[in-house]
Amino acid sequence: MILLRSLIYQIFFIGSTLVFSFAIVLVAGMASDTLIARLARSWARVNLAALRLICRLDYRVQGIEHLPQEPVIVLCKHQSAWEIIALRAMLPFEQSWVLKQELMRLPFFGWAMKRLHPIPIDRAAGRRAAAQLIREGERLLNAGRWIVIFPEGTRVAPGARRPYAIGGAMLAERSGRPVVPIAHNAGYFWGRRRFVKYPGTIDVVIGPMLETQGRKAGEINAAVEEWIETTLDALPKPN
């Protein structure tokens, strides 16, 4: 039954992504950024509802009060495709995501993503990629947009560790903008590169805002990593 539910949801996910991507592309030339963002949030909320109804996979959030009014840098644990959906639904409309450049070349999805003001990074570019992240990140923060970064750079299975890339912390040091860390245990329910979605409740914890003015990137990065990994260790580990 879990396999069948996962298959039905996967079909729904692909279909809804194509429909909303096409809608964004269709109205891109005449719609405001706010309308585009509303369409993206609707896609996320529809998929979260479908996960709950089809796969019996729900979530609960602690620390929503830690989200400020002003734009900040969000550094989030990356275990699953689930948080890509959830963050789009939970955070304010004005989001710009740091993502791998290859995604921008995908038909419809990539075209739609361009209207959401992402920061596409060539991960093989090294310092040039870091410089681009800082340059574009500062510009978008000043334009009132939140910057969303997965510092591990790729999905990491529960129980595994991967060094946190320092790019997000460098942006925080340079811009002086606060960082909001987010931890969750979604990987136990929707695994890395896994098709099956297990029923249950994902726990999401939004951490206290970390002030960055006067702090070095290495210190910021270490504080974020320690908070996320410590919080993650304390979250339920489903059997």
Side-chain angles (χ1 to χ4, degrees), residues 6 9-10 13 44 47-48 51 55 57-63 72-91 95-103 106 113 118-126 129-130 133 137 146-172 179-207 210 217-239:
S6 299
Y9 172 72
Q10 193 67 23
F13 173 75
N47 272 276
L48 289 175
L51 281 167
C55 299
L57 179 57
D58 207 348
Y59 69 98
R60 57 188 166 223
V61 182
Q62 303 174 51
V72 295
I73 300 161
V74 173
L75 298 182
C76 181
K77 184 69 181 176
H78 201 14
Q79 287 188 343
S80 169
W82 179 85
E83 58 268 21
I84 295 172
I85 300 169
L87 292 181
R88 179 61 66 179
M90 286 191 286
L91 298 178
Q95 302 174 33
S96 289
W97 290 48
V98 176
L99 45 77
K100 56 185 180 182
Q101 199 173 59
E102 304 93 279
L103 292 175
L106 294 176
M113 282 299 300
I119 305 175
I121 295 295
D122 179 359
R123 292 185 292 184
L133 191 161
W146 290 46
I147 306 298
V148 180
I149 303 173
F150 298 113
E152 292 158 300
T154 189
R155 283 169 275 185
V156 178
R161 293 287 293 266
R162 182 183 175 92
Y164 282 40
I166 203 168
M170 291 173 65
L171 172 60
V179 167
V180 172
I182 298 179
H184 60 84
N185 60 357
Y188 287 103
F189 302 92
W190 182 348
R192 178 177 180 263
R193 298 175 183 170
R194 296 293 179 89
F195 167 76
V196 175
K197 289 82 177 168
Y198 293 98
T201 302
I202 295 168
D203 281 287
V204 182
V205 184
I206 301 171
L210 175 68
E219 179 188 355
I220 297 167
N221 208 43
V224 168
E225 182 172 0
E226 181 180 6
W227 185 91
I228 289 178
E229 296 299 329
T230 301
T231 303
L232 182 63
D233 287 342
L235 291 179
K237 297 174 177 58
N239 295 325

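We count residues from 1, following the sequence as given.
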>> The test is side chain to side chain contact (heavy atoms under 4.5 Å, CB included); show your working for I182 and K77 and say whether it passes.
In response: CA-CA 6 Å; I182 298 179; K77 184 69 181 176; over 6 Å; no
Nearest-0.5 Å distance, [atom1] of residue [X] to [atom2] of residue [Y]:
X	Y	atom1	atom2	answer
I147	L171	CD1	CG	6.5 Å
N185	T201	CG	OG1	9.5 Å
I202	L48	CD1	CG	8.5 Å
I149	H78	CD1	NE2	12.5 Å
W146	I73	CH2	CD1	11.5 Å
E83	R155	CD	CZ	8.0 Å

Close side-chain approach of [X] and [Y], heavy atoms under 4.5 Å:
X	Y	result
I84	W97	yes
Y188	L235	no
V204	M90	yes
W190	I85	yes
Y9	L57	no
W227	V205	yes
C76	V148	no

>> Check this for me: does any side-chain nitrogen of one of E225 and R161 sit under 4.0 Å from a carboxylate oxygen of the other?
In response: yes
Considering residues, nucleotides and ligands other than [X], do more than 12 of their heavy atoms fall under 6.0 Å from its [atom1]?
X	atom1	value
E102	CD	yes
R192	CZ	yes
Y59	OH	no

>> Does L103 form a side chain to side chain contact (heavy atoms under 4.5 Å, CB included) with M113? I'd like the steps, not just the answer.
In response: CA-CA 9 Å; L103 292 175; M113 282 299 300; over 6 Å; no
>> Check whether S6 reaches the backbone of K197 with its side chain - one donor and one acceptor, N or O, closer than 3.5 Å.
In response: yes
> Just by distance, do the side chain of N221 and the backbone of Y164 share a donor-acceptor pair under 3.5 Å?
Replying inline: yes
